[in-house]
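First the structure, in the form of structure tokens, and then the observations on it.
Heavy-atom basis, side chains included; hydrogens, waters and symmetry copies ignored. Remember, predicted model here, so these are calculated numbers, not experimental data.
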Amino acid sequence: MRKWGSACLAGLLIILTLAACSGGGNNASGVVELEFFQNKPEAKGTFDKLVAKFNEEHPNIHVSQVNPPDAETVLKTRVVKDDIPDIIGLGATDTYSLLAQSEIFLNLTNDPLLQNIDPKYVQMLTDVTGMQEVTGVPFALNASGVIYNKEIFQKLGLSVPKTWDELIATAKKAKEADVIPFYFTYKDDWQTNLPFNDMGGTLVGIDFYKERRENKTTFLSAYQEVAKKQLELLNYGHSDNFGKSYADGNRAFGNGEAAMYIQGSWAISEIRKVNPDIDLGFFPLPASNDEAQNKLTAGVDTLLAISNQTEHPEEAKQFIAFLLQPENSQQYINEQNLFSAVDGVQQKDESVTGLLPYFEQGKIVDFVDHYIPSAVQLNPNVQAFLQNKDIDAFLGTLDKEWDKVAARRAS
């Protein structure tokens, strides 16, 4: 196994300390102790309930959840120190890809844990890592698109747009009626990449990233339409697009200040905290004028992986199998406003019923930023582009930063 940090430890005390804090082991009563490390602070409460239920049903195993601030940075640091948690929950992002390629996860290819997981979500994991081996179990998915206020749509006589031209026409009608078409929250740079994700997946696709890894294409040549359309959307925002944060947007949208909100499913619960009675709908951002080409952006929000250093792989698999049980998966997606990777477990919230056909028909595409190294700094680059509006400079910067990262990883 390839290791990230030195295995040389000075002194017996340090060795014992690391062994004690590395998660797996048995306590004095013979109970197997497992550490479950996951990166979503908003999911901690739900996982607390599920962990407690598992521990009650499995008296010979005790799982402890760990959910620190800035969890991915903490996890990378622990990997460097060879202090890897037994079970890890994180998104199918570039961070997961790097860790998987470092061979720290148990190989789960053809494992029974995957038998009730939709194969297209397993494919997302192998696509993002570029590996044939499956080293994680997809658990929950999120979606990105356009949340809309059904009451405003009904009042203005608007229907759900199916094409790009229809989306712009809908925005124009709202603007003419003195209603804010889109509530943008671009003070937070991560919010600026939401339309980039939605349009990139439909108009360019995920195969672009495989070709970009092989230097067969560039952002400058492939992403012109995405950039132009993202600029066009800015014409239908409000007076302070770059002065409002995600929290501001949730409050404003909850208070009925806009017709549409380009956002993820994760925002629904936040909007409802402001207005529990708001009538919401959700549709994919239709980036193309070919209705058949438009897809829903949806990706693996949480996958479950097992350290190949754990002393208790079978007990770790028991915990993951427990989380995958339909009733437990259903509890998780209900409380987190997400979607399940487990066959037969369906999100039933009325706000997202418009998305279900896309899942059922397989008309989904992964978040493109899952394939972009964090060192490329996508979010601040998109934010700066939307302010200076220089398309070629923006896309050229993405290419330059991508090549820098590729060179560092190859060395």
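The main-chain N or O of Thr202 is found under 3.5 Å from a side-chain atom of Gln293 such that the two form a donor-acceptor pair. With Asn294 contributing its side chain and Lys162 its backbone, the two residues share a donor-acceptor pair below 3.5 Å. Side chain of Asn107 to backbone of Thr109: a donor-acceptor contact under 3.5 angstrom is found. No side-chain donor-acceptor contact under 3.5 Å links Asp188 to the backbone of Gln191. Asn289 places a side-chain N or O within donor-acceptor distance of the main-chain N or O of Asp165, the cut-off being under 3.5 Å. Between the side chain of Gln263 and the main chain of Gly145, no donor-acceptor pair closer than 3.5 Å is present. A donor-acceptor pair is defined here as one N or O able to donate and one able to accept, closer than 3.5 Å; such a pair exists between the side chain of Gln336 and the backbone of Glu42. Side-chain atoms of Ser221 come within 3.5 Å of backbone N or O of Thr218 as a donor-acceptor pair. Side-chain atoms of Asn275 never come within 3.5 Å of backbone atoms of Asn255 as a donor-acceptor pair (strictly under, hydrogens ignored). Side-chain N or O atoms of Gln347 include one that pairs as donor or acceptor with a backbone N or O of Leu338 at under 3.5 Å.
Of the inter-residue distances, the one linking Leu90 atom CG with Leu303 atom CG reads 5.0 Å to the nearest 0.5 angstrom. To the nearest 0.5 Å, the span separating OH on Tyr236 from CD1 on Ile180 amounts to 15.0 Å. Atoms CZ and CG, from Phe282 and Leu356 in turn, are 11.5 Å apart once rounded to the nearest 0.5 Å. Distance check: Phe36 CZ to Ser64 OG gives 11.5 Å after rounding to the nearest 0.5 Å. Separating the CG atom in Leu386 from the CG atom in Asn241 is a distance of 9.0 Å, to the nearest 0.5 Å. In this structure, the separation between CD1 on Ile84 and CD1 on Ile306 is 13.0 Å, given to the nearest 0.5 Å.
Between Trp266 and Trp190, the angle of the ring planes lies from 30° to 60°, which puts this pair in the tilted group. Aromatic ring orientation, Tyr332 versus Phe139: tilted (interplanar angle from 30° to 60°).
The side-chain heavy atoms of Phe322 and Lys53, taken from C-beta on, include a pair separated by under 4.5 Å. Residues Val342 and Ile117 have side chains in contact (heavy-atom distance under 4.5 Å, counting atoms from C-beta outward). Proximity of Leu113 to Leu304: side-chain heavy atoms (C-beta onward) are nowhere separated by under 4.5 Å. Residues Asn55 and Val51 have side chains in contact (heavy-atom distance under 4.5 Å, counting atoms from C-beta outward). The closest side-chain heavy-atom distance from Thr302 to Gln38 is not below 4.5 Å. Using a 4.5 Å heavy-atom cutoff, the side chains of Lys244 and His238 are in contact. Ile271 places a side-chain heavy atom less than 4.5 Å from the side chain of Asn250. Counting only heavy atoms from C-beta outward, the side chains of Thr170 and Met260 approach each other to under 4.5 Å.
Between Glu270 and Lys273 a salt bridge is recorded (basic side-chain N to carboxylate O distance below 4.0 Å). For Asp207 and Lys210, the salt-bridge test passes: some basic side-chain N is under 4.0 Å from an acidic carboxylate O. The pair Asp366-Lys295 fails the salt-bridge criterion, with no side-chain N (NZ, NE, NH1 or NH2) lying under 4.0 Å from an Asp/Glu carboxylate O. Checked for salt-bridge contact, Glu401 and Lys404 meet the test: a charged N lies under 4.0 Å from a carboxylate O. Between Glu350 and Lys150 there is no salt bridge, since none of the side-chain N atoms of the basic residue sits less than 4.0 Å from a carboxylate O of the acidic one. Classification of Glu35 and Arg78 as a salt-bridged pair holds, one side-chain N sitting under 4.0 Å from a carboxylate O.
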(request) Decide yes or no on side chain to side chain donor-acceptor pair (under 3.5 Å) for Asp349 and Ser351, but give the supporting numbers first. (result) CA-CA 6 Å; Asp349 192 295; Ser351 66; 2.7 Å; yes
(request) Give the C-alpha distance, both sets of side-chain angles, the deciding distance and a yes or no for side-chain contact (heavy atoms from CB on, under 4.5 Å) between Leu167 and Leu233. (result) CA-CA 10 Å; Leu167 179 68; Leu233 288 173; 4.3 Å; yes
(message) Please evaluate residues Asp94 and Ser97 with respect to the criterion side chain to side chain donor-acceptor pair (under 3.5 Å), reporting the C-alpha separation (whole Å), side-chain torsions for both, the decisive distance (0.1 Å), and the verdict.
(response) CA-CA 5 Å; Asp94 182 64; Ser97 177; 4.7 Å; no
(request) Begin from the C-alpha positions of Ile364 and Met124 and carry the test side-chain contact (heavy atoms from CB on, under 4.5 Å) through to its verdict. (result) CA-CA 11 Å; Ile364 60 174; Met124 285 182 175; 3.9 Å; yes
(request) Evaluate side-chain contact (heavy atoms from CB on, under 4.5 Å) for Asp301 paired with Leu141, printing each intermediate quantity in order. (result) CA-CA 5 Å; Asp301 183 65; Leu141 303 104; 5.5 Å; no
(message) Please determine whether salt bridge (Lys or Arg N to Asp or Glu O under 4.0 Å) holds for the pair Asp403 and Lys400, giving the CA-CA distance in whole Å, both sets of side-chain angles, and the decisive distance to 0.1 Å.
(response) CA-CA 5 Å; Asp403 291 338; Lys400 181 176 68 175; over 6 Å; no
(request) Evaluate side-chain contact (heavy atoms from CB on, under 4.5 Å) for Lys76 paired with Thr95, printing each intermediate quantity in order. (result) CA-CA 9 Å; Lys76 291 175 185 176; Thr95 295; 3.7 Å; yes
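Checked against the 6.0 Å centroid criterion, the rings of Phe184 and Phe242 do not qualify as a close aromatic pair. Two rings, from Phe219 and Phe208, have their centers less than 6.0 Å apart. Ring centers of Tyr223 and Phe394: at least 6.0 Å apart, outside the cut-off. Aromatic pair Tyr261/Phe253: centroids less than 6.0 angstrom apart.
Within 6.0 Å of NZ in Lys172 there are 12 or fewer heavy atoms belonging to other residues, nucleotides or ligands. For Asn110, the CG atom is loosely surrounded, since the number of other residues' heavy atoms within 6.0 Å does not exceed 12. Dense packing is recorded around CD of Glu360, with more than 12 heavy atoms of other residues, nucleotides or ligands lying under 6.0 Å away. For CD of Glu56, the number of neighbouring non-hydrogen atoms (other residues, nucleotides, ligands) closer than 6.0 Å is 12 at most. Around the CD atom of Gln387, the shell of radius 6.0 Å holds more than 12 heavy atoms that belong to other residues, nucleotides or ligands.
Phe153 pairs by the ring pair (Phe, Tyr, Trp, His ring centres under 6.0 Å) definition with Tyr148, not counting sequence neighbours.
Here the closest non-hydrogen pair linking Asn39 and Gly91 is ND2-N, 4.0 Å. Summarising the geometry of Ile333 relative to Ser340, their closest heavy-atom pair is CG2-N, 3.7 Å, with the distance given to 0.1 Å.
Looking only at atom types and distance, the side chain of Asp189 has no donor-acceptor partner in the side chain of Thr192 under 3.5 Å away. Remark: the Ser265 side chain and the Asn142 side chain contain no N/O donor-acceptor pair separated by less than 3.5 Å.
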Which donor-acceptor pairs under 3.5 Å do side chains of residues 372-384 form with protein atoms, sequence neighbours excluded?
unit_1, atom_1, unit_2, atom_2, d
Gln377, NE2, Ser374, O, 3.3
Asn379, OD1, Asn193, ND2, 2.5
Asn381, ND2, Val376, O, 3.1
Asn381, ND2, Gln377, O, 2.8
Gln383, NE2, Tyr186, O, 2.8
Gln383, NE2, Lys187, O, 3.4

